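Below is one structure, written out as structure tokens; the observations come after it.
Small disclaimer: the values here were computed from a predicted structure and weren't measured. Every chain is numbered from 1, with letters handed out A, B, ... down the list of sequences.
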Protein chains: 2
Amino acid sequence: MLKSVVGSLSTRRRGVRGGRDTSEEILNAAEELLQRRGYNAFSYHHIAVQLGVRNAAIHYHFPAKEDLGVALVKRYQQRFQQWIRTTDLVEDAWERLQAYFKTYIDFLQADCKCCPGGVLGTEFHALPEAMREEARGLMRENYEWMIRTLELGRAQGSMKFSGKSDDKAVEIGAALQGGLQIARLAGPERFHQVLAQLSLELTGQSSYGAA
Amino acid sequence: MLKSVVGSLSTRRRGVRGGRDTSEEILNAAEELLQRRGYNAFSYHHIAVQLGVRNAAIHYHFPAKEDLGVALVKRYQQRFQQWIRTTDLVEDAWERLQAYFKTYIDFLQADCKCCPGGVLGTEFHALPEAMREEARGLMRENYEWMIRTLELGRAQGSMKFSGKSDDKAVEIGAALQGGLQIARLAGPERFHQVLAQLSLELTGQSSYGAA
DNA sequence: GTCTATATCCGGATAGAC
DNA sequence: GTCTATCCGGATATAGAC
């Protein structure tokens, strides 16, 4: 009673658990697990324990694990699109790219998480087809954003690089993705080295060269 | 009977399966599965089917899955050390690096396999500790080789890059690793773009720029 | 070294009460 | 919307025959 005042017009109705949105909490926990352990190494039980609910409660919100997986990737994509809208307000392309780097640093510092693309790429052949399709879309959007940003930066003069912008785009994306994984095996400073080198090569000076 | 003539002095004795070395065949199948699906997404059953033996036969050679995993990573490392010895005969560091690239192209063409480091990094937190330790060693050796090679190339004049050789080393390693994963989601040509860009930046001209 | 058979456990999933 | 209870299949692992 009365918790309806909080979000009565919300599309998703709230449950009995103190007005919290269980679906979203499930997604949050699952996202953490996905980036830490991978899709095939987390279970509904992991999430259930973390949320203090039972296994079946999660099945109510996401009948099959595949549904949860697809929802996760869709949410990544929506969040990315929202992120683009925000950072598009920034004029300078190099600053935009640094904001992109920042999201990876956040992953690194959040207990050395991998980026979604890295997890989905690595587990690709052990993923349900519906997830693969979503993953392709997510990767494509990242790629296209990166190309646009590089071309803008080159035009603005804030970035320099030789070769084609789409080649450079994949190189940067791959380095960031691989860098997070290497950091797990060889320490977080490895990722900062990647950032330092990418920055140095793009601008002629390292913004991360304090080490 | 009589199959003992084939490898009677071998440390590992042959089984009854036509003189073939089952342990090695298990490792081969497991390696394929590891790079395709990841450690947590393959089972003894996968291997058993592929080899035409029963589940229990594999447990005879590798009592626990962890034993198999550790053996796999150890073999990667031994193979890498052997590979180094061979390619060290090549004088030119840039040629050595191209040989290194070639091993990744082989992964890509072998049904879009990931590199071991990518798999082990992504699944790191869902791996037995013994495997993690081996994985760290494997990564370290790759890293150190890359640094040596870059420094040699720079001294020889066959490679150019700005910044520190150890930063550049991680950047290259990360880009290769991430590139293979991206290729799964966005097509093999993405990996070739990474190679093209890396080559262009190291030598001033792309050896892979035919596209 | 490999087999059959089996034990055990875990993860995904459903039914029906509350 | 969450619970208890249960089912099912798959995966790791072991025992003992051949």
Side-chain angles (χ1 to χ4, degrees), chain A residues 1 3-4 6-7 10-27 29-30 33-34 37-72 123 126-128 130-131, chain B residues 1-4 6-8 10-27 29-30 33-34 37-72 123 126-128 130-131:
Chain A
M1 28 39 177
K3 62 184 72 71
S4 53
V6 183
S10 169
T11 315
R12 307 219 173 271
R13 41 259 160 284
R14 303 295 163 85
V16 286
R17 301 178 48 249
R20 298 184 299 165
D21 186 329
T22 306
S23 280
E24 201 170 316
E25 287 186 15
I26 292 171
L27 286 169
L33 285 161
L34 179 74
R37 304 177 50 92
Y39 180 76
N40 291 291
F42 83 80
S43 70
Y44 275 33
H45 185 65
H46 284 114
I47 304 172
V49 168
Q50 193 169 325
L51 265 61
V53 297
R54 293 308 194 154
N55 212 309
I58 305 176
H59 278 284
Y60 170 81
H61 296 276
F62 302 94
K65 193 181 177 186
E66 175 176 345
D67 301 321
L68 175 55
V70 169
L72 272 180
E123 294 195 287
L127 250 33
M131 279 187 74
Chain B
M1 24 51 173
L2 285 280
K3 63 185 71 72
S4 53
V6 183
S8 54
S10 168
T11 315
R12 306 217 173 272
R13 40 260 158 284
R14 301 295 162 86
V16 285
R17 301 177 50 248
R20 299 184 298 167
D21 187 330
T22 306
S23 280
E24 199 170 319
E25 287 186 16
I26 292 170
L27 286 170
L33 285 161
L34 178 74
R37 304 177 50 92
Y39 180 76
N40 290 291
F42 82 81
S43 70
Y44 275 31
H45 185 65
H46 284 113
I47 304 172
V49 169
Q50 193 169 325
L51 264 61
V53 297
R54 292 308 195 153
N55 213 309
I58 306 177
H59 277 285
Y60 170 80
H61 295 275
F62 302 94
K65 193 181 177 185
E66 175 176 347
D67 301 321
L68 175 55
V70 169
L72 272 180
E123 294 195 287
L127 250 34
M131 279 188 73

Without decimals, in angstroms, what is the distance between A:His61 NE2 and D:dG1 C1'?
6 Å
Whole angstrom is fine here: how far is it from NE2 in B:His45 over to P in C:dT4?
13 Å
Check whether any side-chain nitrogen or oxygen of A:Ser43 sits under 4.0 Å from OP1 or OP2 of C:dC10, and answer yes or no.
no
Which nucleotide in the list C:dG1, C:dA13, D:dA13 gets nearest to the side chain of A:Lys65?
C:dA13
Would you classify B:Phe62 as touching base, sugar-phosphate or nothing, given that sugar-phosphate means primed atoms plus P, OP1 and OP2, and contacts are heavy atoms under 4.0 Å?
nothing
Is there a donor-acceptor contact under 3.5 Å from the side chain of B:Lys65 to the main chain of B:Asn40?
no
May I have the distance from A:Tyr44 (atom OH) to D:dG9 (atom P), rounded to whole angstrom?
19 Å
Expressed in angstrom and rounded to an integer, what is the separation of B:Ile47 atom CD1 from D:dG10 atom P?
17 Å
Would a distance-only check, ignoring hydrogens and angles, find a side-chain to backbone donor-acceptor pair under 3.5 Å from B:Glu25 to B:Arg20?
no
Please confirm whether the shortest side-chain N or O distance from B:Tyr60 to OP1 or OP2 of C:dG1 is below 4.0 Å.
yes
Quick one: B:Asn40 CG to C:dC10 P, roughly how many Å, whole number?
15 Å
For the pair made of CD1 in B:Ile58 and C1' in C:dG1, what is the distance, rounded to whole Å?
13 Å
Whole Å only: how far is the NE2 atom of A:His46 from the C1' atom of C:dC10?
11 Å
Mind calculating the distance between CG (B:Asp67) and C1' (D:dT12) to the nearest angstrom?
12 Å
Counting heavy atoms from C-beta on, name the nucleotide in D:dC3, C:dC3, D:dA13 closest to the side chain of B:Arg54.
C:dC3
Whether B:Tyr44 side chain and B:Ala64 backbone form a donor-acceptor pair below 3.5 Å
yes
Keeping the roles fixed (side chain from A:His46, backbone from A:Ser43), state whether a donor-acceptor pair exists under 3.5 Å.
yes
Any donor-acceptor pair under 3.5 Å from A:Glu123 side chain to A:Tyr39 backbone:
yes
Reckon B:His59 has a side-chain N or O less than 4.0 Å from the OP1 or OP2 of C:dG1?
no
Testing D:dG1, C:dA13, D:dC3 for proximity to the side chain of A:Ala56, the answer is D:dC3
